[in-house]
Protein chains: 2
Amino acid sequence: MLPVVTPINERARPRRRNRTRQRQRLLEILRSTDCHPTAASLYEAVRVDSPRLSLGTVYRNLDVLASDGEIEAVPCTDGAVRYDGNVEPHHHFICDRCDEIEDLELSLPRGLAARLRREHGLTPCRVRIDFSGLCRECTDLLPNPT
Amino acid sequence: MLPVVTPINERARPRRRNRTRQRQRLLEILRSTDCHPTAASLYEAVRVDSPRLSLGTVYRNLDVLASDGEIEAVPCTDGAVRYDGNVEPHHHFICDRCDEIEDLELSLPRGLAARLRREHGLTPCRVRIDFSGLCRECTDLLPNPT
DNA sequence: TCCAAAAATAGGAATAATTCGCAAAAATTC
DNA sequence: GAATTTTTGCGAATTATTCCTATTTTTGGA
Ligand SMILES: [Mn+2]
Ligand SMILES: [Mn+2]
Ligand SMILES: [Zn+2]
Ligand SMILES: [Zn+2]
């Protein structure tokens, strides 16, 4: 049974949020790259300096950061979840071959949200456009571009 | 190590493809609804008539149907994978509260694919636009539309 | 600076979704 | 209908993620 009203992305929060080295490091890494790492690769990255880090903490903190709007979870076509330190509205190109995710600065389809509300009774709060196909590198690998 | 060229969605196929009751039933169900069921719910649905069906067979056949282009896998924001019997190009509205998926017949952003190729060197073969927010039903449940 | 309360952690167990391996069954071709 | 190939059911294995809990860390106030 679904709750009558579930404010989006809002789980029961603790009164305050402590500053922990683990959480800060994750955010730092995510902000310093334009890659879209997985939980596992973030785990590896942080463990170089802090080998005591546990994987559960990574998942917990990624959830926390995401519900605080500090990062964004990007569910990929192959079922994997990747994380994005760039919370500015933008879209993605996901390569079908190497699964790399590339940020796209593209203007949103104009007026689509308004049309959705007017014509469909839908209240969109986010639009995610994923283009998939072959990235530049993978395109170049193809022997015979038919 | 990635293979140099991986034709998209093409795995090693058997020489021929047999017609099996299990596979046909799955396709039948997916074509007869505009819902986007999960593997588990398809399993339940088929098992009403064929209790011997195994879950592995469901997953195997969904993969087969998807690589044959008969159905489409829809990875959702919550990490779940849903399946779509409608392979005509269309987009989705995914409700943040009830996770229902609604088909959207919306014209594609014009010229975006061409721009991607020209300006970014990307070769898109598919564009997926997921709108998320609240569906009509869930919008109506909100007590105070602020 | 020390304390008490709350929040977060490590580590491990538990879950859930999906995949794999294989002998038996079903489908197809001849 | 026999031979060949595909597919199935079943259970085990894998993977990603979540849950549990005792311990540690953080924090705001005395
Ligand atoms: Mn991004
Ligand atoms: Mn659909
Ligand atoms: Zn690529
Ligand atoms: Zn809804």
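Every chain is numbered from 1 and lettered A, B, ... according to where its sequence line falls, protein lines coming before strand lines.
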### Task
May I ask you to decide if A:R52's main-chain N or O and A:S50's side chain share a donor-acceptor pair within less than 3.5 Å?
no

Residue set satisfying salt bridge (Lys or Arg N to Asp or Glu O under 4.0 Å) with B:R31, at least two apart, ordered chain then number -> B:E70

Axis-to-axis angle across the helix from C:dT1-D:dA30 to C:dC30-D:dG1, five pairs each end, nearest 10 degrees, ~ 40°

Residues at least two apart in sequence or cross-chain that pass side-chain contact (heavy atoms from CB on, under 4.5 Å) with B:S41, listed by chain then number, are B:P37, B:T38

Please enumerate all protein N or O atoms sitting under 3.5 Å from an N or O of nucleotides 15-24 of chain D, with distances to 0.1 Å.
from	atom 1	to	atom 2	distance (Å)
D:dT17	OP2	A:Y59	OH	2.2
D:dT17	O5'	A:Y59	OH	3.4

Atom CG of B:L42 and atom C1' of C:dA17 are separated, to the nearest Å, by 15 Å

Taking only N/O atoms, report every protein-nucleotides 26-30 of chain D pair under 3.5 Å with atom names and distance.
from	atom 1	to	atom 2	distance (Å)
D:dT27	OP1	A:R19	N	3.1

With sequence neighbours left out, the residues meeting side-chain contact (heavy atoms from CB on, under 4.5 Å) with A:V81 are A:A73, A:Y83

For A:S54, the side-chain contact (heavy atoms from CB on, under 4.5 Å) test, sequence neighbours excluded, returns A:T57

From CZ of B:R23 across to P of C:dA25 the rounded distance in Å is 20 Å

B:Y43 atom OH is separated from C:dA17 atom C1', nearest whole Å, by 13 Å

Residues at least two apart in sequence or cross-chain that pass salt bridge (Lys or Arg N to Asp or Glu O under 4.0 Å) with B:E44, listed by chain then number, are none

side-chain contact (heavy atoms from CB on, under 4.5 Å) filter on B:N18, not counting sequence neighbours, yields B:R16, B:T20

With sequence neighbours left out, the residues meeting salt bridge (Lys or Arg N to Asp or Glu O under 4.0 Å) with B:E100 are none

Applied to residues 30-57 of chain A, the ring pair (Phe, Tyr, Trp, His ring centres under 6.0 Å) test, sequence neighbours excluded, yields A:H36-A:H92

N/O (side chain, B:R52) to phosphate O (OP1/OP2, D:dT8) under 4.0 Å: no

Please examine the side chains of A:H90 and A:N86, heavy atoms only from C-beta on, and report whether any two atoms are closer than 4.5 Å. yes

When rounded to whole Å, the CG to C1' distance for the pair B:N61 and C:dA26 reads 13 Å

To the nearest angstrom, the CZ-C1' distance between B:R47 and D:dT8 comes to 14 Å

Here the ring pair (Phe, Tyr, Trp, His ring centres under 6.0 Å) pairs for residues 52-77 of chain B, sequence neighbours left out, are none

Indicate whether OP1 or OP2 belonging to C:dG11 is found under 4.0 Å from a side-chain N or O atom of A:S54.
-> no

### Query
With respect to the phosphate group of C:dA26, does any side-chain polar atom (N or O) of B:Q22 fall under 4.0 Å of OP1 or OP2?
no

